[in-house]
Amino acid sequence: MNNELKTDVYLCLQWLSDRKKRALQKKDVDIRRRIELIQDFEMPTVSTKIKVSRDGQYIMAVGTYKPRVRCFDTYQLSQKFERCLDSEVVTFEILSDDYSKIVFLQCGRFVEFHSQHGHYYKTRIPKFGRDFSYHYPSCDLYFVGASSEVYRLNLEQGRFLNSLQTEASESNVCDINPVHFLFAMGTAEGKVECWDPRTRNRVGLLDCALSSVTADTEIEGLPSISALKFDGALNMAVGTSTGQVLLYDLRSSNPLIVKDHYYGLPIKSIQFQHQLDLIISADSRIIKMWNKDTGKIFTSMEPEHDINDVCLYPNSGMLMTANEAPKMNIYYIPVLGPAPKWCSFLDNLTEELEENPESTVYDDYKFVTRKDLENLGLAHLIGSSLLRAYMHGFFMDIRLYHKAKMMANPFAYEEYRREKIRQKIEETRAQRVQLKKLPKVNKELALKLIEEEGEEQQFSKKRKQKNLPSLLKDDRFKVMFENPDFQVDEQSEEFRLLNPLVSKISEKRKRKLKILEELEAQGQQEEEEEPEGKASDAESSESSDDEKGWVEEVRKQRKLLRQEEKLKRQERLKEDQQTLLKPQFFEIKEGEEFRSFKDSAKKQKLMKKTLEDRLKLEEKLGTLNVSDTTVGSKQATFKLKKSEQQRKQQEAEKLHRQERKTLRRSASHLKSRRGRGRLFH
C-alpha cells in the first residue's frame with residue numbers, strides 16, 4: 001500500500017537477531033534515524049485488546065503471558081504503568097476520559113474495577129461473560145455471555161439489578177447506541193435483539209443469519225454474530241462468524257449492504273471512519289476498508305500475524321492492531337486523515353517520501369522470486385541457509401546475487417548501455433514534430449479509417465457521444481496492417497464490382513499519400529491543407545451525382561472486365577499455338593490394368609450432371625440406397641465401388657467356398673452308405 005507508513009523500531013528483516021540489529025545500528029546512519037513512536041509498544045507474548053481513552057492521551061492494551069494491562073502515555077511516548085492480573089482479560093472498557101476508571105471482564109467470571117492508583121474492587125457474575133457495555137445515563141453495566149440472561153450491574157448503587165430475559169441460548173457481543181442509548185446484543189443463533197433500557201423491554205429483532213447468506217456465499221453451519229457496532233442514531237454494522245459484514249438501517253429489517261471477506265473467518269472488529277464514509281472491518285487475517293454506501297473496496301492490509309483487535313485513533317489516519325505476536329502494529333494512512341498531534345511529524349515524513357520516491361532496499365540483501373532464481377541457475381539453493389523465504393519469494397545476499405548475475409549474463413552492462421542509448425535517442429525524437437505514420441500494408445485503407453475517425457469525433461462532439469475505438473489501435477486487426485497477405489487487391493473482379501466509385505475517392509487518397517511520403521522523406525512539418533482540386537461544396541454535389549450514376553459505373557466496369565477476359569483468352573490461344581505438342585510415355589505399375597481415356601470422359605460428364613441425376617444413376621448401379629425415416633426425413637446409404645482385383649478375389653473366394661461345400665456333402669453321403677452296409681451284414 002503506497003500511503004502506508006508502518007512505524008517500527010527496526011525496518012530491517014524480522015529474521016535478523018538482536019545482535020545483528022544492534023551491529024547494523026552502529027554501522028548504518030539511516031537505521032539510527034529510524035522512528036520509534038512509542039517506546040516498548042509491545043506485550044510479552046500476545047496482545048488481545050487495545051483501546052484509546054476519550055481524551056486521546058492514553059493507549060491501553062491487555063495481553064499475556066502473564067495476564068497484564070499496559071498503559072502508554074502519548075505525550076511522553078512511553079509506557080506509563082503496567083499492572084498484572086489474576087486471569088486473562090476477555091475485554092475491557094475505559095469509563096472515564098483518562099485511565100482513572102477501568103473495568104475488566106476476565107475469563108473466570110470475574111469483573112475487576114481499577115482506579116487511578118490500581119486495583120479497586122472485584123466481583124463475579126453467574127455465567128461466563130463474553131462482552132459488556134456501559135450505559136452512561138443509568139450507570140449500568142450490561143454483561144452478555146454463555147446464558148440467555150443479560151446481567152445488569154449498577155455502579156451507582158453498587159448492586160446487581162434484575163437481569164433481562166432473552167430468547168437466545170447464548171450471546172456473543174453487545175453495544176449501546178451513543179445517541180438514543182438503545183441496547184443491542186448479538187446471539188449465537190445469528191440474531192440481533194434490541195432492548196430499550198428505560199422500559200427493559202425488547203423493541204426489535206433482526207435475523208442476520210438469513211440475510212448474510214447470498215448466492216455467492218458458501219456456509220457450512222448457522223452463522224452467529226461475532227461483532228456489533230453502532231454508527232450514529234440509525235446505522236448499525238453486524239459481523240458474522242462466517243466472515244460477512246451487514247450494514248443495517250434501524251428502520252428496516254433488510255441489510256443495506258452485505259460485504260463478504262471471503263475467508264470464512266469470524267469478524268473480530270468493526271470501526272467507522274466518518275471523513276471518507278468508510279467501514280473498517282477485520283477478521284484474524286485481513287483488515288478491509290470499504291465504502292459504506294457502495295461497498296467498493298478502498299484498501300486492505302494483511303499483517304504477518306493473526307489479528308485480535310483493531311483500534312482507530314479518533315480524528316486521524318492512525319490505526320493500531322493487537323496481534324498474536326509480542327509487537328503491536330501501528331499503521332499511518334495519510335488518506336484517512338492527519339497524524340495525531342503527539343506525532344505530527346509523520347505528515348512531514350510522508351510528504352518527503354512522496355517527493356523522493358525510493359525503492360525499498362534491505363541492508364545487504366536482495367529480494368528474488370522463484371523465476372529469478374531459475375534464470376540465475378540458483379533454484380537448487382531453495383531450502384538452504386543461503387535463501388530465506390519471505391512472502392512470494394526469497395532474500396539472498398547481494399554479493400551472491402551479483403556474482404550469479406555476472407556468471408549468467410556477462411554482457412549485461414553492454415545491454416544496459418545500449419538500452420540507455422536507445423532511450424536517449426527516443427527522447428530526442430520525441431521533441432521533433434510528430435508526423436502521421438501510416439502502416440506498410442493497406443495504406444489507403446488506414447488513411448480512410450483516419451479520415452472517418454476525424455469525422456466521427458466531430459460528430460460525437462456535437463452530439464456529446466462517446467468515441468468508438470479505432471481499428472488501427474485494436475489488437476485484433478493489427479495483422480491486417482502488418483502482414484502483406486492481407487493486402488487489398490484493387491484490380492480484382494470482386495473489388496471493382498462491389499466498389500465502382502472507389503476509384504474516384506482513391507485518387508484523392510493517393511494524392512494525400514504522396515504528400516505524406518514526401519513529408520516523411522524530407523522530415524518537414526505536415527501542413528493540414530485541403531488537397532488541390534475541387535472545393536468542399538463541389539465534393540458534396542459530386543456525391544449526389546455519384547449516387548445517380550451508380551448503375552452506369554457498374555456497367556462500365558463489367559464491360560471492361562469482359563474486354564480483359566477476351567484479351568486473356570486470345571493470349572492463351574496464341575501461346576497454345578506456339579507451343580509444340582510432344583508425345584509423352586507413362587509407365588503402368590504392376591497389378592494395375594490400363595484403362596482407356598473414355599473413363600475420364602465419363603467422369604467429366606457425370607460431374608456436369610446435377611446431383612439428382614447422379615443419385616439416380618447410383619441407385620440403378622446399386623451403390624446407393626435411399627429410404628424414408630419415421631420422422632419424415634430421408635436416409636441415404638452409399639457403397640464404395642470395388643476395384644477389379646477385389647472383385648476377382650471375391651469370385652475366387654466364392655468358388656473355393658462352393659468346392660468345400662460339395663466335398664463336405666460327398667463325404668457325408670459316403671459315411672451314410674457305409675453305415676447302412678454294416679447294419680445289413
Side-chain angles (χ1 to χ4, degrees), residues 374 379 476 479-480 483-489 491-495 497-498 558 561-562 564-681:
E374 290 175 358
R476 296 175 295 175
V479 185
M480 194 167 66
N483 194 344
D485 295 337
F486 292 94
Q487 179 67 44
V488 177
D489 187 8
Q491 299 299 323
S492 63
E493 182 179 349
E494 293 82 2
F495 184 84
L497 288 174
L498 291 172
R558 284 180 179 172
L561 288 169
R562 287 171 186 169
E564 288 176 0
E565 285 179 1
K566 285 181 180 179
L567 290 171
K568 286 178 182 178
R569 287 174 186 171
Q570 290 176 1
E571 289 176 358
R572 286 174 189 169
L573 288 170
K574 288 180 181 179
E575 288 177 359
D576 293 339
Q577 290 174 1
Q578 288 176 1
T579 54
L580 297 172
L581 296 174
K582 294 180 181 179
Q584 293 181 354
F585 298 95
F586 299 95
E587 185 178 355
I588 299 170
K589 293 180 180 180
E590 293 181 0
E592 291 185 0
E593 295 182 358
F594 175 71
R595 295 179 182 178
S596 62
F597 293 104
K598 292 180 181 178
D599 295 338
S600 60
K602 286 179 182 178
K603 285 182 180 179
Q604 287 179 358
K605 287 180 181 179
L606 282 171
M607 292 302 292
K608 288 179 181 179
K609 288 183 178 181
T610 60
L611 179 63
E612 186 180 0
D613 297 336
R614 279 183 278 168
L615 291 173
K616 287 179 180 178
L617 285 172
E618 288 179 357
E619 280 182 11
K620 289 178 181 178
L621 295 171
T623 57
L624 176 67
N625 184 20
V626 181
S627 60
D628 295 332
T629 60
T630 56
V631 185
S633 58
K634 289 194 175 184
Q635 182 178 0
T637 55
F638 295 89
K639 293 181 182 179
L640 296 173
K641 291 182 179 179
K642 297 177 181 179
S643 61
E644 292 182 2
Q645 289 182 353
Q646 290 176 349
R647 287 175 185 170
K648 288 178 180 179
Q649 286 178 359
Q650 286 180 355
E651 289 175 359
E653 287 174 359
K654 284 181 181 179
L655 291 171
H656 182 65
R657 288 171 188 167
Q658 289 175 1
E659 288 176 358
R660 290 182 68 182
K661 284 180 182 179
T662 52
L663 288 170
R664 285 174 186 171
R665 287 174 185 172
S666 60
S668 61
H669 185 63
L670 288 170
K671 284 179 183 179
S672 62
R673 287 179 68 185
R674 286 175 186 173
R676 289 173 187 171
R678 286 175 187 173
L679 290 169
F680 180 75
H681 287 297

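When a residue number appears, it is its place in the shown sequence, counting from 1. This is a predicted model, so every value here is computed, not measured.
- Judged as a side chain to side chain donor-acceptor pair (under 3.5 Å), and not counting sequence neighbours, E565 has no contacts.
- To the nearest 0.5 Å, the span separating CG on L617 from CZ on R614 amounts to 10.0 Å.
- The NZ atom of K566 sits 12.5 Å away from the CD atom of E564 when rounded to the nearest 0.5 Å.
- Within the model, atoms CD of E653 and CD of Q650 stand 7.0 Å from one another, a figure rounded to the nearest 0.5 Å.
- Atom CD of Q487 is separated from atom CE of M480 by 11.0 Å, given to the nearest 0.5 angstrom.
- Residues meeting the side chain to side chain contact (heavy atoms under 4.5 Å, CB included) test with Q570, sequence neighbours left out: L567.
- Residues satisfying the salt bridge (charged side-chain N to carboxylate O under 4.0 Å, His left out) criterion with R476, sequence neighbours excluded, are D474.
- Every residue was checked against the side chain to side chain donor-acceptor pair (under 3.5 Å) condition with N483, not counting sequence neighbours, and none meets it.
- Listed by chain and number, the residues in a salt bridge (charged side-chain N to carboxylate O under 4.0 Å, His left out) with K609 amount to none (sequence neighbours excluded).
- Not counting sequence neighbours, the partners of T610 by the side chain to side chain donor-acceptor pair (under 3.5 Å) test are D613.
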